[in-house]
Visitor: 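Below you will find the structure I want to go over with you.
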Amino acid sequence: MLEAFRLGGWGMFPTLFFGVLFVTVAIGYARNPERARRVLLSVLSLLTLAAGGLGFVTGAIVTLTYAAGTPNQDAVIAMGISESLHNIALALILVVLGGIATAVGAWRAQQQQQKP
């Protein structure tokens, strides 16, 4: 896991930051489903995905720029893109975890509304 983080490069840091923040807020929402947190959950999930996407795009740019001057371009591009995809993978993992907690919170909110 640490190797995947290292391979992803600098883009892993904002992805991790926003993702951990999203998961933390989602767990809080699961425990106490207040309506006011829904917008924050939406924004944090989008920021997590955007940070992962930005990390991927910047990694792909660096890869393609470097590959333009090398004789073995196919291998360089394949390696660079695979490393850059670690950003997307981290973002998706964190969004799925946060989404699960958000779903639990939504279910609990629905249960609270149905009580007499």
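Only a predicted model underlies this, so the values are computations on that prediction, with no experimental measurement involved.
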Visitor: Could you grab the distance from atom CG of Leu92 to atom CG of Leu49, nearest 0.5 Å is fine?
Guide: 6.5 Å

Visitor: Using 0.5 Å steps for rounding, measure from the CD1 atom of Ile88 to the OG1 atom of Thr15.
Guide: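 Output value for this atom pair is 8.0 Å.
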
Visitor: Drop me the distance from Thr63's OG1 to Met79's CE, to the nearest 0.5 angstrom.
Guide: 10.5 Å

Visitor: Out of curiosity, Asn72 CG to Ile77 CD1, how far, rounded to the nearest 0.5 Å?
Guide: 10.0 Å

Visitor: Donor-acceptor pairs under 3.5 Å, side chain of residues 1-10 to any protein atom, not counting sequence neighbours: which ones?
Guide:
from: Glu3; atom 1: OE1; to: Arg6; atom 2: NE; distance (Å): 3.3
from: Glu3; atom 1: OE2; to: Arg6; atom 2: NH2; distance (Å): 2.6

Visitor: To the nearest 0.5 Å, what is the distance between CE (Met12) and CG (Asn87)?
Guide: 5.5 Å

Visitor: Sequence neighbours left out, cut at 3.5 Å: what donor-acceptor pairs do the side chains of residues 17-31 make with other protein atoms?
Guide:
from: Thr24; atom 1: OG1; to: Val20; atom 2: O; distance (Å): 2.7
from: Tyr29; atom 1: OH; to: Arg38; atom 2: NE; distance (Å): 3.2

Visitor: Can you see which heavy atom on Leu16 is nearest to which on Leu94, and at what distance?
Guide: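 Minimum heavy-atom separation between Leu16 and Leu94: CA-CD1, 4.1 Å.
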
Visitor: To check you understand the geometry: which heavy-atom pair defines the closest contact between Gly52 and Ala91, and what is its length?
Guide: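 Heavy atoms only, the tightest pair is CA-CB, 4.0 Å.
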
Visitor: Please determine whether residues Leu85 and Val95 belong to a single hydrophobic cluster, defined as Ile, Leu, Val, Met, Phe, Trp and Tyr linked transitively by side-chain heavy-atom distances below 4.5 Å.
Guide: yes

Visitor: Return the CZ to OG distance between Arg37 and Ser42, rounded to the nearest 0.5 Å.
Guide: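 If I round to the nearest 0.5 Å, the distance is 14.0 Å.
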
Visitor: Under 4.5 Å between side-chain heavy atoms, hopping through other hydrophobics if needed: is there a path connecting Ile61 to Phe56?
Guide: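 Yes, Ile61 and Phe56 fall within the same hydrophobic cluster.
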
Visitor: Consider only side-chain heavy atoms of I, L, V, M, F, W and Y, link residues closer than 4.5 Å, and tell whether Phe13 and Leu97 are in one cluster.
Guide: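 Result: yes, single cluster for both.
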
Visitor: Testing the basics here: between Gly105 and Pro33, what is the closest heavy-atom pair and its distance to 0.1 Å?
Guide: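 Answer, listing the atom of Gly105 first, then Pro33: O-CB, 3.3 Å.
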
